[in-house]
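A quick write-up on the structure given underneath.
Counting begins at 1 with the first residue of the sequence.
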Amino acid sequence: QVQLVESGGGLVQPGGSLRLSCAASGSIFAINTMGWYRQAPEKQRELVAIITSGGPTNYHASVKGRFTISRDNAKNTVYLQMNSLKPEDTAIYYCYVITSARPGSSYASSWGQGTQVTVSS
């Protein structure tokens, strides 16, 4: 099993910044993709940003230029630096990772419990 521990969420004023962290632990041999999704009330979950093992990244169009995803492979941790936050960024943010437990095994996806990000004055 894989455990994901998220942190960094909270309440921030428009234009402010937050940095989300997600640390993976457990039966992990390798991590492929790490990323962040978000879901606002009455809306479907959407991809915010992803980063692959080699470093390539992809962002939702609405956060490009404002958010930056990064990872620390030694710590099995992914980060999401969120700048110039807007009220429309308010949502529960979920960490997502794809891992393998042992050599030759299939990759499996894991989800964090979610951390609330609220952007309001």
Side-chain angles (χ1 to χ4, degrees):
Q1 65 280 352
V2 176
Q3 296 81 44
L4 303 179
V5 179
E6 301 183 38
S7 63
L11 174 64
V12 65
Q13 295 182 343
S17 299
L18 285 173
R19 188 186 190 221
L20 305 183
S21 299
C22 176
S25 62
S27 301
I28 301 174
F29 172 74
I31 299 179
N32 185 10
T33 299
M34 308 185 81
W36 295 92
Y37 288 72
R38 68 185 181 187
Q39 187 168 23
E42 307 300 324
K43 296 182 179 179
Q44 62 183 2
R45 187 173 298 186
E46 65 181 9
L47 175 68
V48 179
I50 56 172
I51 183 168
T52 58
S53 60
T57 59
N58 191 32
Y59 297 90
H60 190 279
S62 66
V63 307
K64 288 182 178 179
R66 299 188 298 118
F67 291 10
T68 302
I69 188 171
S70 62
R71 62 191 288 173
D72 185 334
N73 292 326
K75 297 181 178 180
N76 288 342
T77 299
V78 62
Y79 306 94
L80 185 67
Q81 179 66 47
M82 304 184 292
N83 299 324
S84 301
L85 283 163
K86 306 174 181 179
E88 61 205 60
D89 295 317
T90 296
I92 300 176
Y93 284 70
Y94 296 91
C95 179
Y96 174 78
V97 301
I98 300 177
T99 62
S100 62
R102 63 184 65 186
S105 65
S106 299
Y107 278 83
S109 60
S110 300
W111 290 91
Q113 294 299 309
T115 183
Q116 178 70 49
V117 172
T118 302
V119 185
S120 176
S121 59

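The shortest heavy-atom contact between S121 and P14 is N-CD, 3.7 Å. Listed here is the closest heavy atom pair of S105 and A101: OG-N, 3.4 Å. Residue A91 comes nearest to Q116 through the heavy atom pair O-NE2, 3.4 Å, listed as atom of the first residue, atom of the second, then distance. Here the closest non-hydrogen pair linking S110 and V2 is OG-CB, 3.6 Å.
Residues meeting the side chain to side chain contact (heavy atoms under 4.5 Å, CB included) test with V117, sequence neighbours left out: L18, L20, M82, Y93, V119. Not counting sequence neighbours, the partners of I31 by the side chain to side chain contact (heavy atoms under 4.5 Å, CB included) test are A24, I28, M34, R71, N76, T99. In this structure S62 satisfies the side chain to side chain donor-acceptor pair (under 3.5 Å) test together with R38, H60, sequence neighbours excluded. Listed by chain and number, the residues in a side chain to side chain contact (heavy atoms under 4.5 Å, CB included) with S120 are L11, T118 (sequence neighbours excluded). Applying the side chain to side chain contact (heavy atoms under 4.5 Å, CB included) rule to R19 yields the partners Y79, Q81; only residues at least two apart in sequence or on another chain are considered.
Residues L85 and Q13 form no side-chain contact, since every pair of their non-hydrogen atoms from C-beta on lies 4.5 Å or further apart. Residues C95 and V78 meet the side-chain proximity criterion, which asks for heavy atoms closer than 4.5 Å.
With rounding to the nearest 0.5 Å, the separation of OG in S27 from CD in Q1 is 5.0 Å. A distance of 6.5 Å separates CD1 in I69 from OH in Y59, rounded to the nearest 0.5 Å. For the atom pair Q113 CD and T115 OG1, the distance stands at 11.0 Å (nearest 0.5 Å).
By the 4.5 Å side-chain criterion applied to Ile, Leu, Val, Met, Phe, Trp and Tyr, Y37 is assigned to a cluster that also includes L47, I50, I92, Y94, Y96, I98, Y107, W111.
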